[in-house]
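Working notes for the structure below.
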Amino acid sequence: MVTPSQLELLAPLSGVVLALDDVPDPVFSSRLMGDGVCIDPTSQMLCAPLAGVVSNLQHTGHALSITHDSGVQVLLHIGLDTVNLQGKGFIAQVEEGQRVEAGQPLIEFDADYLALHARSLLTLMLVISGEGFQALAHGKAHIQTGQPLLHVQVHAGKGDGATGHEDSPVLHSQAVLLPNPNGLHARPAGVLAQAAKGFAARVQLHRQHDSANAKSLVAIMALQTAYADSVYLSAAGPDAEAALRELSELLSQGCGEEVEHVVLAPDPDPVAHDEVSDGLRGVCASTGSAFGYVVQVAQSALEVDEHACEAQREHAALQHALARAADELQGLRDNASNPAQRDIFRAHQQLLQDPSLLEHAAELINAGKSAAFAWRNATEATSALFKGLGSPLLAERALDLEDVGLRVLKRILGVDDRALALPDQAILVAEQLTPSQTAGLDTRKVVGFVTVGGGATSHVAILARALGIPALCGVSPQVRALASGLPVLLDADAGQLHVQPDVGQVERLGAQRALREDRQQRDLQLASLAACTLDGHPVDITANIASRAEAEHAMTLGAHGVGLLRSEFLYLDRSRAPSHDEQVATYCEIARAVGTEHPLVVRTLDVGGDKPLAYVPMASELNPFLGMRGIRLCLERPQLLRDQLRAILACAGLTQLHILLPMVTHLSELRVARQMLQEEAQRLGLSALPKLGIMIEVPAAALMADLFAPEVDFFSIGTNDLTQYTLAMDRDHPRLARQADSLHPAVLRLIAHTVRAAHAHGKWVGVCGALASEPLAVPVLLGLGVDELSVSVPLIPAIKARVREVQFTACKALADKVLALESAEHVRATLQPQSLVLEH
Ligand code: PEP
Ligand code: MG
């Protein structure tokens, strides 16, 4: 007879009932995991002994637990040491989280396979959360599936330590890499839960963003941990410290299992939390902030056979893989939400067609190598070459090549490339993320990322900005030792990753984020309004672009035209120069997107020592930023410039065409280029020349602006290079990034000087470096008299909004004030919105 406070459990199998004392395994016979019965099965279908929810189904299929509505939990464990079978011999009939009825089939198992491969078939039914029970069938009795087997006392409100001590401070342990070959499966989970119950404190076990009550066997099993997973504990209550100490030790010793210590491939210098408690520093690759949980991303090595028997087959395999990779990239392009992503995948598609790569791979296949080996060899050799040239830009290309190489290699090897399964609020931590990984990120789950490698100008940084998620690059390798699952606060604006931040910090940044998002929405709605200060001073807000798609996007966001078309995009990532027709087609497409009402400023090729071209032999340089770059290279190879000018001129009638020369230092450079432009225009029979301007990015040009001004139509100030040359700081240097600040008064003085000289000769001045895209800098640039701000496409609405909020007269006073300051920090402090209120 079942009383109201009792629950009847049915036999989950047919077989012979044994007492737990007879189970030849101390973890079960000692009742460490719970009390119950054991059945030596004669059937092969495990059925539910009671109704409830499948609260945990081990991924290896050998064990599950059911939680009844009353809270009673029952663990069913088929065989002994069957976790080692890794799922072989088990077919689950239910899913985790599913509600089941008493008697419903749960797991089918192959008794013959288990008999041969596991220690024993003895199957346990343990009551792990209940108040004691009465067995209805006793030792050696035969029982059939579905017959009543136990009566369990339903407990009333007995706490399991999951609550309580809410007011106590929460302490955290260091991360532990699980040494258990099968993670915390039933046996070690039972040992941990039992040990945790010995403490009064509330104890939680964490892995990534998941956490479990460490006193609950089922909850621990439900974490589905695996070997080398990084876990940590938190505890609150009177004996929290002791609990953390002892339970961490237990975890690292394997919770009663014989284990060897985990050896990790990457070099994780164990990080003591106090070492990073002030936060890890890096370079802001994409602005914003996010609170989330560390997810360490590692790339697993692929096994490749070197030799193959049939070259024909290998050629076909490579072709097939290349075609599939190209299709995938097309899919990524089609689904990309913004032009920057599309451009990167277009570049990847081009790499797939690169003749020298394909020839290299084909030669190796003809020499008896497998397709995988040949392809890997070809991509690795080229990428090593790129890296060895000492150029940051080519190192970036090497990363693209490796990314594409891996994509094709996986297709050849038939490796399943499913997207990384991610928890919510993931902050990815990686040595380096490939562009494919970055573009493929599920932004519903990934809220930010942090990499050891990469710089603010890397493709990955560009993608992060396009995706609108905060990112830090160039962070200390220590970050790789942070446990997955650790809570962190990524404050990309401040270049910092705070480990285990306090609630106040998280809330402060959260509030700022909400404000910023509101603002973005408002700015977007008003994007088509003119950019005119409160007192009626108009400023042109144009776009920095590198593709037709970006041009189109910019115009939809209210751009007044294009202030900088970086034409390098046509020349890089390829083994031959773009043909005349290809160039013409591209410039004309962009010109049409901009239209005849607006300006299009095409900058001539700005490549050189730091951005070498495969088809233009150049000596490698010790200091490429000070070498054959921009106009210097083009004048050394005049045909390159002449061809480009002719192609650009083809779109003269489609837009208000402007041509911009990069890296100009000497007046003679401008004069030679103008001469060339005149000759090409004449050859094409053009009556009017397009406007010709120079970039002001070499301090010499800024200082000589009064002599340049009469001979140009406009200036465009490249604050990225102007800053690096003025302050003598590499623009991509991770440790100098914070100092290489374009708001340094020295840079501002050069801008002021340039504007004065230009205006004296009736010429206009734009700023197209990254400073123009910084909302904080808008008032000072206006105050210095800049006429045009050419900004990164997504920021067009924000910069226009900023212009509409300020008084031109106040901006002028502000500019005078900051020019006299002593450092960039002082300038930034003065430009903070709260200081600006005083200026109005
Ligand atoms: C600059 O130097 O500021 C600039 C706009 O040119 P780039 O970033 O392409 O060198
Ligand atoms: Mg530049």
Side-chain angles (χ1 to χ4, degrees), residues 297-336 341-388 394 396-421 432-441 459 463 572-579 581-582 613-615:
V297 182
Q299 191 74 257
S300 51
L302 296 175
E303 300 232 338
V304 166
D305 286 332
E306 182 174 346
H307 301 286
C309 307
E310 251 187 80
Q312 208 55 33
R313 249 211 346 239
E314 301 303 308
H315 281 299
L318 177 57
Q319 286 314 320
H320 182 68
L322 287 167
R324 276 198 59 194
D327 284 351
E328 286 170 13
L329 288 165
Q330 189 58 44
L332 284 167
R333 267 178 82 177
D334 295 343
N335 292 328
Q341 275 173 292
R342 277 193 284 277
D343 291 344
I344 288 173
F345 292 120
R346 186 180 54 82
H348 282 200
Q349 281 178 318
Q350 281 171 356
L351 282 172
L352 288 181
Q353 296 159 6
D354 187 276
S356 58
L357 263 186
L358 298 177
E359 276 160 27
H360 186 152
E363 273 167 23
L364 287 173
I365 292 177
N366 291 339
K369 307 292 184 191
S370 71
F373 182 89
W375 174 253
R376 193 175 67 181
N377 202 288
T379 48
E380 282 182 354
T382 313
S383 130
L385 186 81
F386 282 1
K387 282 183 182 160
L394 276 193
E396 189 60 38
R397 294 294 161 275
L399 192 69
D400 284 320
L401 191 59
E402 283 164 17
D403 191 5
V404 172
L406 194 63
R407 180 182 292 282
V408 176
L409 191 60
K410 284 181 180 165
R411 295 305 148 261
I412 300 174
L413 298 173
V415 172
D416 185 6
D417 200 16
R418 263 173 298 188
L420 196 64
Q432 180 68 286
L433 285 172
T434 64
S436 295
Q437 280 172 326
T438 316
L441 293 181
H459 269 169
L463 282 172
L572 297 168
D573 296 328
R574 52 196 302 159
S575 52
R576 293 191 186 104
S579 69
D581 290 349
E582 183 183 344
L613 296 179
Y615 43 89

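Sequence positions, counted from 1, serve as the residue numbers for this chain. Scope of the values below: all heavy atoms of this structure, side chains included, with no hydrogens, waters or symmetry mates.
Scanning both residues, E314 and K369, for their nearest heavy atoms gives CG-O, 4.1 Å. Closest approach of S383 and E402 over heavy atoms only: OG-OE2, 2.8 Å. Contact record, L401 with T379: CD2-O, 3.7 Å, taken as the closest heavy-atom pair.
For the atom pair L409 CG and L318 CG, the distance stands at 10.0 Å (nearest 0.5 Å). Interatomic distance, L413 CG to L406 CG, rounded to the nearest 0.5 Å: 9.5 Å. Separation of atoms CD (E380) and NE2 (H360) is listed at 10.0 Å; rounding is to 0.5 Å. Note that the CG atom of L329 and the CG atom of L352 stand 5.5 Å from one another [nearest 0.5 Å]. With values rounded to the nearest 0.5 angstrom, L322 atom CG is found 9.5 Å from Q353 atom CD. If you take CG on L351 and CZ on R346, they are separated by 11.0 Å, rounding to the nearest 0.5 Å.
N366 meets the side-chain hydrogen bond (donor to acceptor under 3.5 Å, both in side chains) test with H315; sequence neighbours excluded.
Between L332 and H348, the closest side-chain pair of non-hydrogen atoms is not below 4.5 Å.
When only modelled atom types and interatomic distance are considered, D334 and Q330 share a side-chain donor-acceptor pair under 3.5 Å.
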Please set out all donor-acceptor pairs under 3.5 angstrom arising from side-chain atoms of residues 370-377, sequence neighbours excluded.
| from | atom 1 | to | atom 2 | distance (Å) |
| --- | --- | --- | --- | --- |
| S370 | OG | D305 | O | 2.5 |
| S370 | OG | F373 | N | 3.0 |
| W375 | NE1 | G405 | O | 3.0 |

